[in-house]
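Start at 1 and go down the list; that is how both ligands and their atoms are numbered.
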Amino acid sequence: MILVNKIKDNVFNFRVINYKELDFHGPIFRNDSGSSYNAYLILDDEITLIDTVGEEYSQVFLGELKTILGGKSIDNIIINHVEPDHSSAFLEVFKHYNNAKCYCSERGEKPLRNMFFSDVNYTTVKNNDEISTGNYTFLFKTTPFVHWPDNMVTYLKEEKMLFSNDCFGNLITGSSLYDSEYELALLIQASKDYYANIMMPCGKFVLKALEEIKMLDIDLICPSHGIVWKENVKIIMEKYRSWGSYEYIKNKVVIIYDSIWGNSEIITDDLAVKLIGLGFDVTVYKAGTHNHSKIMSDVLDARVVLVGTANFNGTMLPTIAEVLERLYALKPKNKIGGVFGAYGWSKAHIERVRNRLCDSGIDVVDVDISSNYTPDISTIKMTDELAFKIKECVEL
Ligand code: FEO
């Protein structure tokens, strides 16, 4: 569905709530309540559309646009980001408003030509370029790799509104548009889930983007996903600074494991209890059971990531392999890692997990736990050793 909200006298929001889209960006981010998207229309002497919506909503979107435009045309289309969740309805919109001037970043032009119309006369903008639409001034800030190379944000000076596209987004699907209508803890968790799964590798670019926009006087942050930030603008910006800096909670441990006959699970429990006893805050996830996107969200600010798996013909279990590939893709920083698992006649899986964690940039300690079949007294000693090694490294 699309909800239309009037944000200011001349500024409208189109809020797509797709409660069926649990897999956001394909299988990259699983969100059990669905996904949400925003586009914005600004009325002035010239009329400006900022971003569009997904292609499946293009006809409904066009209908809502027509209702507000009342026979007028769109003069400018600002494409802050070329990724199809924002730009794929551009095809249909431009067919109906093909006199509109289309603005994108320099790095956005090529993918737009590739994905959409190759013969549109796109107008590329640089950092700090401005356009006037009469009473309003739009300032462009390029924000490469927040989230793709082409990303930019647009600031509407006279209304102090920042159209931030992916930055500061979340997938909240509630019908209310403003942050003030939700519990702050819920907003921060949803934004963290989004950041971890979409932005985690972009930390240094996120910090650069924050530098770029810090001199702007912002009343409203209007992202292209989730809610509009009104009461908590400073809070979400500070969260982005913290996440972009890869800050962590010193005693936070995430254990991710999977097991065939329960032996790796016994080690997991023993390790968790020992670490809690040493002062750690431990969360345990079973890879075959829990949502991997939620695991990534918890990894974002953890200090320690421990991975356990049974041996599966010389390697790790497939559920663990998927988690490790996610870690590789999301490139967590400032993490200490550890490996454990049960085996029967080969413990090659321990080394494979260690190598994959190292490839992801995790600093893996030189102690691991490998239990031949059922854990016994020697396993308990190894668990003690790993737990104390982790404590030593973290310096609790
Ligand atoms: Fe919301 Fe990078 O797409």
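Using a 3.5 Å distance cut-off with no hydrogens or angles, the side chains of E21 and S35 do pair a donor with an acceptor.
A cation-pi arrangement is present between R356 and Y328 under the rule of less than 6.0 angstrom and at most 45 degrees off the ring axis.
Of all N/O/S atoms in E83, OE1 sits nearest atom 2 (Fe) of ligand 1. Within D85, the N, O or S atom lying nearest to atom 1 (Fe) of ligand 1 carries the name OD2.
Taking the six-membered ring where the residue is Trp, Y122 and F90 present tilted rings, their angle falling between 30° and 60°.
Taking atom 2 (Fe) of ligand 1 as the apex, the angle formed with OD2 of D166 and NE2 of H81 is 90°, to the nearest 10 degrees.
Between atom 1 (Fe) of ligand 1 and H147 there is no N/O/S contact shorter than 2.8 Å.
Every side-chain contact (heavy atoms from CB on, under 4.5 Å) that D129 has, sequence neighbours left out, goes to V125, K126, F140.
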